[in-house]
Every structure is written in C-alpha cells, then in structure tokens.
> 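Before anything else, here's the structure in question.
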Amino acid sequence: MRKMHIYASMAACAVFAEVACARASSFFTSLPHDPGTVVLGAEDFPVVGDGIADDTAAVQAAIDRVQERAVRGVVIVPEGRYRLTRTVHVWSGIRLIGVGAARPVFTLGADTPGFQEGDGRWLLHFVSYRPAPGQPIRDANPGTFYSGMSNIDIEIADGNPAAIGVRFHVAQHCFLAHMDFRIGSARAGIESIGNEVENCRFFGGEYGITTRKPSPSWPFLLIDCAFQGQRRAAIQTEEAGMTIVRAHISDTPTAIEVRDRRSEELYIEDSQFVRIAGPAIVISEENNARTQVNLANVACADVPVLARFRTSGREIAGPSSIFRVRSFSHGLHIDDLGVEPAIDTRHELEPLDRLPEPVASDVAALPPADTWVNLRDFGAVGDGEADDTEALRRAIAEHRTVFLPTGRYRMSDTVTLRPDTVLVGLSPITTQLVLADGTPAFLGEGAAEGEVPEWMRERRVPVSQGTGGPKALLETPAGGSNIVFGIGLDTGINNRAVGALWRAGERSLMHDVRFHGGHGTYRADGTAPPIYNHNRTADEDPRRRWDSQYWSLWVTDGGGGVFKNIWTPNPFAQAGMYVSNTSTRGRVYAMSVEHHVRHEVQLRDVSGWRFYALQFEEERGEGAHALPLEIVRCRDLEFVNLYLYRVMTTYSPFPTGVRVHESTDLRFRGVHVYSPSKFTFDDTLVDATSGGSVRSREIAWMNVSGRAPADGASGGDSFAGPVERLATGFNNIDSLVAGPNGDVFFIDARWQRIWRWSAERGAIELVRDHPLEPVNLAFDAAGHLLVVTRIGTVYAFDPEARDEAVTPLPRLQGPPPASARVVHPLSRWRDAHDFLDVTRNSIQAHHLSPDGGTAIPADEDFAKAGFTSSFYSTIDLIRAYGLAPAVSGRPFFVADEFGQKTWRFEVSDDGTLARPELVAEEGEGAVAVDARGRVYIPAGAIFVHDADGARLGTIDVPERPTSLAIGGPDGRTLFVGARSSLYAVRVP
C-alpha cells in the first residue's frame, strides 16, 4: 500500500509537469485602442516577428519612442516571435505588454555572439532614466518606478550559457507577470529582482531566479509561480525579503538556496516541492537574527531533506515520501510579549497519503477582453482639464468592464461602481482619475468662496477648504466583486477627499493602483513637480498643505478582498491605508506605504486579515513623527515580512514602529527594522494596553496575545547592578567618550550640543552649543576633545578652557605619523556588500590632533560629506555611534549594525584593522571594553561577552541603549547613552 501511494503521487506530479510544459494562455488576448501607447510593428517600428529575423532594433526603437514622447508609458507587443541579438534597455517607467491570442515571445537564437561568458548578458535590462548621448546607462535603482513586463514569454536557445532573460533591479510599482521563461542551458530567467513577480513559470537554467537584495531593500513578492528543472536551484537569494505564495517547484536539486554567509527573510506559503534531490532549502547565517525562515502549508513529495543549515551542517529530513510542512520557523522567536527572545528552529511535519491539490489563487481574473468597452467611446477626453465624470458614469452604468486608455480623467464628483464593475488601465502613472485642487464637491462648510484676492494668489497663501466628512473619489458598493486594475488615483488638495472607499467583498481585487501625491508623482509630460521646499519642511507650494485630507485607501463596512501591488506615498493624506469595521477576509500583497505625516496604516476593529510584504518608509520632512502601523481593537491578524524603515535624513528616533491597543491574536512572521540613519525606532512594537514592548529589530516569529507580560520577564541573566538615570531631556544621546579624569562627554546632534557628565560633581554640564554640526567625539592624550562634524570636517578644543575657541584640524594627505594612535568608528553600516571590507583600506588621508598623537582617518567620501543633502549618511565616521583609538597589540571591536554582529580585529602597526573574527551574533551601536577585557554590546539590551565571545550576561536599560563608555574615577562605571537619557551602572 505504501508503494502505491508513492507511485500515485509520482504519477500526479508527472501530469503536472506535462501540463506545465504546455504553452500558457495569453493574459491580454486583445486590448481596446489606446492612442497613448506605442505599438511594436507600426510604421516606425517594423518587425518580422518570425523568430528568425533580427527584431532588436525595432524593439529598442519602440521603447525609445515612449521615452521621447512622455518619459513613461506602454509598448504594446503583438503576437509573434521576436529574435533579439543584443540587450534591450527598458527605460524607467516603461512597460512592455504582450497582446494576442497567443503570447508574444522574445527569443535568443542558438550560439548568439556575446552570450557565452561574462556577467550582464541579459536579453532585457530594466534600467534607470535614458542617459544623454555619451553617458553611461545606469541600472534600475530605488528611483525606478512603474516599469514592467507582462504577457510576453522569453526563450533562450542552446549555446548561450551566460544568458539571463531579464535583469530587474527595480523599485515600487514594477512587476514581471504572466510570462514563461524557457531558459534551457542558460544561466537564469531573472537576475536581481524587485517588487513583484506574478504568474511566471521557469523551465531549465542554472537558476530560475538569482538575486541579491532589491534596490531599495524592500521585500519581494513571488506569487502564483512555478519552477521546473533548474540545474542548481530554483531560486538563489540573499536579503531579498523573499515572500513566496503559491509556488510549485519541481525536479531540481534545491528549491531555495541562500548564499553562503548571507541572510534572508524567507517566507513560503501554500506551495509545493516535488522531486527535490538535495535539501529543499539551504539556510545560511543560522545563528544570527537577520536570518528569518518561515514555511506554512507546504506540500512535499520526494523531498528527502527539507532544510540544511550551512554553518552546522544540521539537516531536517522529511518524515515520509509525501508530507506537509504545517509550519517551519527558524530565527529569533518571541512567543509573546515579555517572553525571552531566542533563536530557535521549530517545525511541524505531517505525513500524507497523497499530494494535495495546489491551492487556488485568490487573485481575481479579469473578464474576457472582448467584453471590455473603451471609455473614450463615451466622450471622455482624458486631458486633465475636461470634466469626464459623466462619461465614466455612463460607461459604468451600461457595461461591466471599462477600459481607460492613457490619460488623466478629471472627476468633479464621486464615481460609484456597480457591484460587478471592473476598471482596467495599463499603468497607474499614465492612466489616472484626478481631482483638481479645490474641487467644490470635495470642500466642506466654511470653505473660501468667490474669487481669491490677487495678493493671496501671488503670495500663494493657503485658503481654508472648510470642514466636512470624508468623500471618496472612487467608491465601491458593499459586498461587490469589483476589480480596479492599473489605474492611478489623484485626490489633489481637497480636504474631504478619500482616494478610494472600498466596501467590496472577499472576491474583489485592487491591483496595480497608485495613490498619487509626493514621491513618484509626475506630470503628463513626464517631468517631476517639486515635492519639497528648499529645506524639505513642506511642499514647494504652501497652498498644498501636508496632512490636509482623509485617507488614501479606506476599507470599511465589511469591505475586504485582495489588495496587490499598491503604492500610497501621498503626504497630503491622513494615512495611506485605513481599514475599519470589517471581519471580511482581506489579503494585502506587496503594498508600499510611505511619507505620511502622522500614520501610514491604521487598523481599527478588523479581524481575519493577512499582510504580505508590507513596507513602510518615513522621510525626515513629512514623516519624522509618523507611526507606521497602528492596530486598535483588532484580532486574528498576520503580518508576513513586515519592513519598517526610516531614511537617512531623519534626525530623531521614533518611539515605535507598531503600536497596539486592545488587540489579540496578532502574528508576525518576519520583521525587519532598519535604517541607514542611526535614528530609527526605539522599540519595534509597543502594546499600549498591556504595557509590553519588543526591542528586537530582526524577528522571525512573534505572537502578541494581548495578555499582560509575565511578571519578572527580562532580557536574561543580569550582569551588573541597578541602572541609574543620571540626566534626561535630550533628543538623542550619542557618541559617548570618557575623558582623562573619568568624565563622560556626549553629543545631542539634533541641537548641535556637546555635554559633559562630571564624575566629581555628579552633575551635567553644557560644554558647547556652537552650530558646527558635531556627530562624533574622541580625545587625544593631551586632553583635547576632537569633534567630527556632519559636513566632513574635524575640529578640536580644550574642554577645560572657558573661552569659545575651536581649532580646525586640516585634512592631511597620506598615512598618519607612525607614533600616532588611529581612531576608528565603533560601529559600521554595511552598505557595501561586505562589512569586512573595512579591513582592506590603508589610510590615505587623516586629521591630526593638536598634540600630534591621535589621527582620525578621512577618506574621500567623508571629505565630500558637506556637499550632500543628507542630515546623516552611511559614511561610517559620521553615522557611527562612537569612536575609539586602536592600539597595536590590543583587540579592537566593531559592531556591524546591518548584519547584527560584533567583530574583533587585530590592530596593525600602521593603525589599520586586520584579521576579523566574529565575537557575537548581536551588534548595533557602539561597543565598550572594560579594563578586564569584557565587551559590552548595545542591541536592545546590553549584551556582555568576554573577549572570546562567551556570553556573560545582559544589562537591561529603561530606554534603548545606543552609545557606551567606560568611565568614572576608577574606570568601573559603564555609562549608557539611551535616547533621551544618560544612565550609569557599576560593573563588577
């Protein structure tokens, strides 16, 4: 009987493989006429389309024409086989969309010259803006929005081992969808991913996908995809926030391979692994919290080893030839608030008699294309000036599916959909529903009436828009099966406006929708309007006030459905998404919510929702005080690969990334909290009801039950005595350093102040508050305080002197004198690919202390820091949490903030660092070392290790510790800079 079950499963898999190898159906069999697109094969872009003739030039010319016309837009690729002989560059914001009864195909013929060896051998390369003649082509980057490719297959013939179908290093609102990659003997279908890949199938290749982290470091969504027959692994990855939903992977040695010495935030759900010869998942960095691996409902057949850990060699075997992974989780686990965080591996594997049917997609399909009507046929103009409200209303009243060609369709009142209405566009940057500023129907009581005086117009004085409840630009009825696809919504400046009021039901879909305003907003001619004034404190036009209207997307009154590939960064809105009063099933996939003033996402009285690859970003100007995620009176919510991010220009930490009130059964499966600014979040999550909080920033598994934290919960074995608060009231204490007599000096950089705690007097003293942008401190042997500034300079002064004199220290070329001590940062931001690159550099330039005995290395990036606009940067000398001298013969410890590690280096005779050894799998801010060689590492708590890395205990601090110094008259006091306060603890 056992053999019969195995043979039955293999037969079922063989049938799947046969079906998978067949041609997939075309997603767009036809499209209504859209004069705003460029059609491949038109008179200016003649192609043969027989798979033999070279059509490369015509494909590139069509893409170039879109860029020349409006920078961003759509190229329509009709059915055919188009042979490419060199890389085609797809400029930022351009989409290629295939149309026809069968999908069009881009092919690479056998033995095509240039695709046999080397890197960067791509058929299609998604890039940044089209460069001026003679300038280099730049890869796609964090500013590459709206690019995409849909309904076009890629085939690579034999003899092209270096070939890769697509390089896709893109940012928000980009996708590859409805594509087959027939890779054969080539390297990969996709190299370097971004945002979303949907309904794609990969056959052959060394890899289906090989990638590093997406360009803005956002999470990535792979949904409804299949992989078969890769020679090494279906997916090779690192730091991609790899969120996989409903994937089928078969006939390959490994399903997911995480690169050696690299981490990944991997989540896999409702998927199948079939005939995986080696370990299905290869996990690296198993002892570090940056590694987060979660599986839920993954069915396996002929998978002898589910997971292998590179470091230890440990394996987790399948319990039978067919089994289900009900759950698998490796990484930092927090079972509830107040429970000790710990890295752990947990799994529940269930033997099965047969392989289950694949889980059906929850993404609703578009109606057949031959049922669509063209909005232009109802008299719509789409020029942003004419009122197209009635035209759209008539089209909705008479037909189910309305196609909106390229254009900006001005609305003057709410557009309400019927229960089954479908609206379709091809790109939310080129097809938009818009409100003009001050649209009368969206103004409240007390709005200014009549002609605005000329002097107010000239001076751009804000005018009141009155008071009134929320009013939607687009509204769906309760329980509907509506689809809104590929359309932008722009609410202008109208204080009652809501972009979309969504009451539609579980089977509804909002996909590829952009809520305009702020970053990524462009005019019809492709130019970008200014989104900031000169000092980034408001919009360039003072009449366009931030935080001046209701939410962009409001789901309420039993609303639900699928919300996928949504971008909502409108700073004029109260929040990007607000969900209230619903228990209808809701699924959010790959949503980017950014740049709001007070809230990014608010959830109130919501249950039964799941959020996959939800990403936040806060800017200094508009979002310095924004709460990313607020959860009030909710239950049964799950968040998968939640990314909390603050940009480098911020100058103050925020209390928390997630705030919870009166909520139960919250589950987090993958949390990543990070920032190239040192000013990120004090806590990852705070439960305002129970009083519990979480400081860990990298979390694989966290539950929030809603119960009060257990009494006596702590961060572990206490190493030292009580922690005493010495002074408070600061914005953010930073760069602690002990002076010659045990006094401790530190910076509050937001206010450009340098402070001293006097060990003798037991009092705080302001030493300097000059507007010189101090960011880091060190001492020379003569007692001069050396001050590193944000603008790439260094100065010195005598802290005992009563005058205001400072001495600029010039930048000197070449290495420092052999007798000088070299000062290095105590923490580093691994923005370069490898943190350990710090060991490779000799000292090319330096600043020398007044006594000639202490040198601060100063590379070119530091010297140019004054020409950048960032308040802080990824230059280690500026952003580090502290500095310390490196002394030959003594170990020097450095925290790897991004990698969450601490390393021990040897100090070379010339003051450079060499031969790194890992000390601890914690690391974040500065590091302190006491006279006995014990190492203190602040990372939520203070972790204490001996010099070889053995854990000695922890020290809990009331606030998040960042900067440390050993001082006091006897050198046995650990001083702690922790956000608003200075603390001290006596160490044994």
Side-chain angles (χ1 to χ4, degrees), residues 208-209 219-227 233-238 240-250 252-258 263-276 278-286 289-310 314-335 343-352 355-359 587 589 610-613 638-642 667-672 698-703:
I209 296 174
F220 164 75
L221 174 68
L222 181 91
I223 187 168
D224 296 324
C225 291
F227 299 78
I235 299 172
Q236 181 192 53
T237 185
E238 66 177 78
M242 181 69 64
T243 309
I244 299 175
V245 180
R246 296 185 299 270
H248 184 97
I249 301 176
S250 65
T252 181
T254 295
I256 315 293
E257 175 197 349
V258 180
S263 61
E264 180 57 271
E265 303 84 15
L266 174 63
Y267 182 89
I268 308 174
E269 179 181 293
D270 292 346
S271 297
Q272 292 186 337
F273 297 160
V274 177
R275 295 186 298 276
I276 308 298
I281 302 172
V282 177
I283 300 171
S284 300
E285 293 291 286
E286 64 192 84
R290 286 284 287 111
T291 292
Q292 304 164 23
V293 179
N294 289 284
L295 282 71
N297 190 34
V298 177
C300 300
D302 298 324
V303 179
V305 178
L306 175 64
R308 176 182 294 158
F309 297 86
R310 285 188 190 271
R314 179 166 58 108
E315 292 186 345
I316 296 175
S320 60
S321 61
I322 305 175
F323 63 96
R324 175 188 287 115
V325 184
R326 295 179 65 89
S327 67
F328 176 99
S329 182
H330 174 82
L332 187 76
H333 286 72
I334 302 174
D335 290 330
I343 291 178
D344 197 5
T345 305
R346 304 172 184 177
H347 53 83
E348 183 180 357
L349 311 182
E350 173 189 22
L352 299 176
L355 193 69
E357 291 295 318
V359 176
R587 297 292 183 271
Y589 296 110
R610 306 291 181 268
F611 298 81
Y612 301 81
E638 187 162 296
F639 300 86
V640 168
N641 276 348
L642 178 70
R667 302 178 301 280
F668 297 82
R669 301 296 182 256
V671 178
H672 181 35
E698 303 293 338
I699 304 168
W701 172 291
M702 176 171 63
N703 293 331

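The first residue of the sequence shown is numbered 1, and numbering continues consecutively from there.
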> Is there a side-chain contact (heavy atoms from CB on, under 4.5 Å) between F323 and V303? Walk through the geometry before answering.
CA-CA 9 Å; F323 63 96; V303 179; 4.3 Å; yes
> Looking only at non-hydrogen atoms, find the nearest pair between R324 and P356 and report the distance.
NH2-CG, 3.7 Å
> Given H248 and V274, is the side-chain contact (heavy atoms from CB on, under 4.5 Å) satisfied, shown in steps?
CA-CA 8 Å; H248 184 97; V274 177; 3.7 Å; yes
> Do the side chain of R326 and the main chain of V298 share a donor and acceptor less than 3.5 angstrom apart?
no
> Decide yes or no for T291 and H330: does some side-chain heavy atom of the first lie under 4.5 Å from some side-chain heavy atom of the second?
yes
> Would you please say whether a donor-acceptor pair under 3.5 Å links the side chains of D270 and N297?
yes
> Determine whether I268 and I281 make a side-chain contact, defined as any pair of heavy atoms from C-beta on separated by less than 4.5 Å.
yes
> F309 vs T345, test: side-chain contact (heavy atoms from CB on, under 4.5 Å). Steps then yes/no.
CA-CA 11 Å; F309 297 86; T345 305; 3.9 Å; yes
> The test is side-chain contact (heavy atoms from CB on, under 4.5 Å); show your working for E285 and R290 and say whether it passes.
CA-CA 8 Å; E285 293 291 286; R290 286 284 287 111; over 6 Å; no
> Any idea which heavy atoms bring C225 and L222 closest together, and the distance?
SG-CD1, 3.8 Å
> Measuring only between side-chain heavy atoms, which start at C-beta, is I249 closer than 4.5 Å to S271?
no
> Apply salt bridge (Lys or Arg N to Asp or Glu O under 4.0 Å) to R275 and D302, showing your working.
CA-CA 5 Å; R275 295 186 298 276; D302 298 324; 5.4 Å; no
> Kindly give the heavy-atom pair with the smallest separation between Y612 and V245, and that separation in Å.
CD2-CG2, 4.0 Å
> Taking the side chain as every heavy atom from C-beta outward, state whether L306 and F328 have any pair of such atoms under 4.5 Å apart.
yes
> Nearest 0.5 Å, what's the CD1-CD distance between I343 and Q292?
10.0 Å
> To the nearest 0.5 angstrom, please state how far the CD1 atom of I316 sits from the CD1 atom of I283.
6.5 Å
> Could you tell me which non-hydrogen atom of R310 sits nearest to which non-hydrogen atom of E286, and how far apart they are?
N-OE1, 3.9 Å
> What's the spacing between F227 CZ and I276 CD1 if we round to 0.5 Å?
11.0 Å
> To the nearest 0.5 Å, what is the distance between OG (S327) and CD (E350)?
10.5 Å
> As an exercise, state the distance from CG of L266 to CG of L295, rounded to the nearest 0.5 Å.
6.5 Å
> For the residue pair P358 and Q272, establish whether any side-chain heavy-atom pair is separated by less than 4.5 Å.
yes
> Does R246 reach the side chain of E269, with side-chain heavy atoms less than 4.5 Å apart?
no
> If you round to the nearest 0.5 Å, how far is CZ of R610 from CZ of R587?
5.0 Å
> So, the side chain of S284 versus the backbone of V282: is there a donor-acceptor pair under 3.5 Å, distance only?
no
> Indicate yes or no for a side-chain donor-acceptor contact from T254 to the backbone of P279 under 3.5 Å, with no hydrogens or angles considered.
yes
> Where is the tightest heavy-atom contact between M242 and I235, given as atom of each residue plus distance?
CE-CG2, 3.7 Å
> Counting C-beta onward and ignoring hydrogens, is there a side-chain heavy-atom pair between W701 and D344 closer than 4.5 Å?
no
> Report yes if the side chains of E264 and E257 come closer than 4.5 Å at any heavy-atom pair, otherwise no.
no
> Might you point out which heavy atoms bring L349 and A317 nearest each other, and give the distance in Å?
CD1-O, 3.7 Å
